[in-house]
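Values in this document were obtained by computation on a predicted structure and should not be read as measured data. Per chain, numbering begins at 1; letters A, B, ... match sequence-line order.
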Amino acid sequence: MPELPEVEVTRRGIDEPLRGAQVLALRLGKALRWPLGVAPEALVGSRLLPVQRRGKYLWLPVVPGPQGGCGGGLLLHLGMSGSLALQPADTLPGAHDHFDLVTTQGTLRLTDPRRFGAVVWSPSIADEPASRLLAALGPEPFDETLTPATFHAALQRHRAPVKAVLLSGRIVVGAGNIYACEALHEAGIHPATPCERIGPQRAARLLQALRETLARAIALGGSTLRDFRDVHGMSGAFQQHARVYGREGQACPRCGAAVRRIVQGQRATYYCAACQRR
DNA sequence: AGTTAAACCTGGTTGC
DNA sequence: TGCAACCAGGTTTAAC
């Protein structure tokens with residue numbers, strides 16, 4: 001599921017309600033991608049600080065509270081099928097609920113059928129294991145120090161297909177399969193174009209297209225193909241506005257040609273062969 | 001070093 | 001109806 005917009009929608013949904021809450025308990029269900037890395041009891045009494053996002057990760061920092069607990073944070077990833085919800089009451093976990101953070105202001109619950117998601121304790125975002133997981137991430141798409149010029153320079157260092165490099169997050173984080181396809185369509189760039197062959201003009205266009213696509217998706221509450229829900233259980237609406245993703249055979253909204261589906265790096269790519277140029 | 005395939009896991013959909 | 005094959009918002013790991 002969750003690409004940057006879905007993760008950001010989630011962050012915005014949990015930040016306010018949980019701010020200043022004290023941890024009452026941690027509950028673990030079936031194993032996620034990695035072990036938690038801390039004894040759940042160690043966090044009891046800790047207070048939550050504002051929730052941050054880095055790429056598709058959420059960082060929930062905590063500090064020791066009056067009744068104890070420790071300082072550090074939880075690094076969360078929603079994987080392919082994860083979503084977070086705030087449980088008002090103490091409801092029982094379902095079959096796909098694998099992590100509960102019980103607090104004085106409600107229970108934060110991770111639901112993740114496929115269990116590609118992760119919840120990992122780290123003493124800080126700059127220490128292991130968080131630092132290792134975040135080490136290879138490129139800049140945030142809305143970071144002002146990411147300019148058309150630096151973006152173009154980064155593209156020049158790769159010859160792999162631009163779609164694959166966008167997905168890798170090494171040049172800019174946040175785009176997954178949906179938004180990589182959509183941004184490339186918006187920019188008029190063929191997904192198989194080698195990065196090194198993208199000139200400064202088109203690089204600038206791609207960066208702008210990516211930013212606009214992600215911003216629009218956030219405003220629409222993200223995309224829900226199947227699993228994604230915001231913290232109130234609501235679906236996203238972006239998928240209804242997608243121009244190429246999941247629309248094989250349909251008319252390209254810009255030029256009317258049929259949208260094509262190919263496979264790149266084991267992932268489906270949707271694009272318009274008429275108005276996206278190599 | 002950069003690029004690509006395999007692996008992780010579950011469930012819904014498609015096709016025979 | 002049943003069952004196998006295929007598909008899905010991601011990322012790490014190992015292998016060219």
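Atom name P, nucleotides dT12(C) and dG11(B): the rounded distance is 24 Å, in whole Å. The separation of dC3(C) from dC9(B), taken at their P atoms, amounts to 24 Å, rounded to a whole angstrom.
Atom CZ in R267(A) sits roughly 18 Å away from atom P in dC6(C) (whole-Å rounding). Rounding to whole angstrom units, CD of residue Q264(A) and P of dT3(B) are separated by 14 Å.
Applying the 4.0 Å criterion to OP1 and OP2 of dA1(B), one finds that H158(A) has every side-chain N and O outside that range. Taking 4.0 angstrom as the limit, R170(A) places a side-chain polar atom (N or O) nearer than this to OP1 or OP2 of dG2(B).
Within the nucleic acid shown, R132(A) has no heavy atom closer than 4.0 Å to any nucleic acid atom. In this structure, Y57(A) reaches the sugar-phosphate backbone alone: every heavy-atom distance under 4.0 Å involves primed, P, OP1 or OP2 atoms, never a base. Within 4.0 Å (heavy atoms only), A164(A) reaches no atom of the nucleic acid at all. Within the nucleic acid shown, R226(A) comes within 4.0 Å of at least one base atom, counting heavy atoms only. Contact annotation for L167(A): no contact, since no heavy-atom pair falls under 4.0 Å across all strands.
Residues Y179(A) and F238(A) place their aromatic rings such that the two centres sit under 6.0 Å apart. Ring centroids of Y271(A) and H190(A) are separated by less than 6.0 Å, placing the two rings close together.
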Trace of the salt bridge (Lys or Arg N to Asp or Glu O under 4.0 Å) decision for R53(A) with E8(A):
CA-CA 7 Å; R53(A) 179 188 57 71; E8(A) 179 60 21; 2.9 Å; yes
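Within a 6.0 Å radius of CZ in R47(A), other residues, nucleotides and ligands contribute 12 heavy atoms or fewer.
Remark: the R33(A) side chain and the dT11(C) base include a donor-acceptor N/O pair separated by less than 3.5 Å.
For the pair Q266(A) and R114(A), nearest-nucleotide mapping onto DNA chain B gives the more 5' position to Q266(A).
Minimum heavy-atom separation, W34(A) to L133(A): CH2-CD2, 3.5 Å.
The backbone N or O of A268(A) sits less than 3.5 Å from a side-chain atom of N177(A), completing a donor-acceptor pair.
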Could you summarise the pairing of DNA chain C as dot-bracket text, marking Watson-Crick and G-U pairs under 3.5 Å with ( ) or [ ] inside the strand and | across strands?
.|||||||.|||||||
